[in-house]
Amino acid sequence: MKTEQLHQTFEQSDYGQLLQTRTRFNDFKPDWTTTEQWCGLLGDDVNNLGHMPYTLSLAERFTEVQGIESTDLHVTAITHDWGEAIIGDIALPSKSEAGETAERFAYKRIARELLGEDYKALSKIVMPILFDKSVPEADMFRSIEYVGYCSTALKAGR
């Protein structure tokens, strides 16, 4: 599966357009700050749609530095927050088992709508990495996400 094609399909959908208007890290965002100001100040990682290509770039650098080939990590990075178009962004400290279940179902629903039967192949790649903590790629992906959190926090600190 090509990451560019997956992102373009999502970005052009109503789901992608919705995420373009939403921000992340809203616990820290002043009420008077617009989406444009927030994203302009802190970059793509704070925009719900921009976060996925940002995470893909981190995943590409991660796999390069590690000397591994992992299109599965790249595909996960570019699609991992699709479900948030339905359930919204849940901050890491607030995540629960119920929230994870809702996100899993929302992800599959969106993937099915956008990709038809190809959603099964995508889900087979992404679901274990996002929701099965026992696969090695799950730890790798969490590491990639944590680098993103820390990078954005450092930008905010500056």
Problem set entry | Test side chain to side chain contact (heavy atoms under 4.5 Å, CB included) applied to Asp89 - qualifying residues, sequence neighbours left out | Arg24, Asn48, Glu84
Problem set entry | Stepwise side-chain contact (heavy atoms from CB on, under 4.5 Å) test for Gln20 and Asn47 | CA-CA 7 Å; Gln20 179 66 47; Asn47 177 269; 3.8 Å; yes
Exercise. Transitively linked via ILVMFWY side-chain contacts under 4.5 Å: Val46 with Tyr146?
Worked result: yes
Exercise. Got a second to check how far Glu69's CD is from Glu64's CD, nearest 0.5 Å?
Worked result: 11.0 Å
Seminar exercise, completed: In this structure, CG of Leu19 is separated from CD1 of Ile86 (nearest 0.5 Å) by 10.0 Å
Exercise. Taking side chain as C-beta onward, heavy atoms only, is Gln12 less than 4.5 Å from Gln17?
Worked result: no
For this session: Decide yes or no for Asp44 and Cys39: does some side-chain heavy atom of the first lie under 4.5 Å from some side-chain heavy atom of the second?
Result: no
Exercise. Which residues pass the side chain to side chain contact (heavy atoms under 4.5 Å, CB included) test with Lys2, sequence neighbours left out?
Worked result: Glu4, Gln5
Exercise. So, for Ala85 and Arg22, which heavy atoms are closest and what is the spacing to 0.1 Å?
Worked result: O-NH1, 3.7 Å
Exercise. Side chain of Thr63, backbone of Ala59: donor and acceptor closer than 3.5 Å?
Worked result: yes
For residues 147-155, dump all side-chain donor-acceptor pairs below 3.5 Å to protein atoms at least two apart in sequence or in another chain.
unit_1, atom_1, unit_2, atom_2, d
Ser151, OG, Val147, O, 2.9
Thr152, OG1, Asp45, OD2, 2.6
Thr152, OG1, Gly148, O, 3.2
Lys155, NZ, Leu42, O, 3.4

For this session: For residues Leu6 and Leu114, determine if any side-chain heavy atom of one lies less than 4.5 Å from a side-chain heavy atom of the other.
Result: no
Exercise. Does a side chain donor of either Glu113 or Tyr15 reach within less than 3.5 Å of an acceptor in the other side chain?
Worked result: yes
Seminar exercise, completed: Heavy-atom nearest pair, Pro128 first then Ser123, reads CD-O, 3.8 Å
Problem set entry | Separation of Leu73 CG from Ile129 CD1 (nearest 0.5 Å) | 5.0 Å
Problem set entry | Distance (rounded to the nearest 0.5 Å) between Leu130 CG and Thr76 OG1 | 5.5 Å
Seminar exercise, completed: Distance col, row Ser134:OG vs Asp139:CG, nearest 0.5 angstrom, shows 9.5 Å
For this session: Apply side-chain contact (heavy atoms from CB on, under 4.5 Å) to Leu49 and His7, showing your working.
Result: CA-CA 9 Å; Leu49 182 63; His7 185 67; 3.7 Å; yes
Exercise. Applying the 4.5 Å side-chain criterion to the ILVMFWY set and letting contacts propagate, would Val135 and Met127 be lumped into a single cluster?
Worked result: no
For this session: Please list, chain by chain and in numerical order, all residues satisfying salt bridge (charged side-chain N to carboxylate O under 4.0 Å, His left out) with Glu103, sequence neighbours excluded.
Result: Lys95
For this session: Check for a donor-acceptor pair, side chain of Asp72 on one end and backbone N or O of Val126 on the other, with a separation under 3.5 Å.
Result: no
Exercise. Can you list every salt bridge (charged side-chain N to carboxylate O under 4.0 Å, His left out) pair that touches residues 118-132, not counting sequence neighbours?
Worked result: Glu117-Lys120
Seminar exercise, completed: Distance col, row Leu58:CG vs Ile144:CD1, nearest 0.5 angstrom, shows 7.5 Å
Seminar exercise, completed: Quick note, ring pair (Phe, Tyr, Trp, His ring centres under 6.0 Å) partners involving residues 62-115, not counting sequence neighbours, are Phe10-Trp82, His51-His80, His80-Phe141, Trp82-Tyr107
Problem set entry | Pair Glu100 + Arg104: basic N to acidic O under 4.0 Å | no
For this session: Test side-chain contact (heavy atoms from CB on, under 4.5 Å) on Thr79 and Thr3 and set out the steps.
Result: CA-CA 8 Å; Thr79 67; Thr3 56; over 6 Å; no
For this session: Indicate, with yes or no, if Ile68 and Leu56 share a hydrophobic cluster defined by side-chain heavy-atom contacts under 4.5 Å among Ile, Leu, Val, Met, Phe, Trp and Tyr.
Result: yes
Problem set entry | ILVMFWY network linking Phe131 to Val75, side-chain heavy atoms under 4.5 angstrom | yes
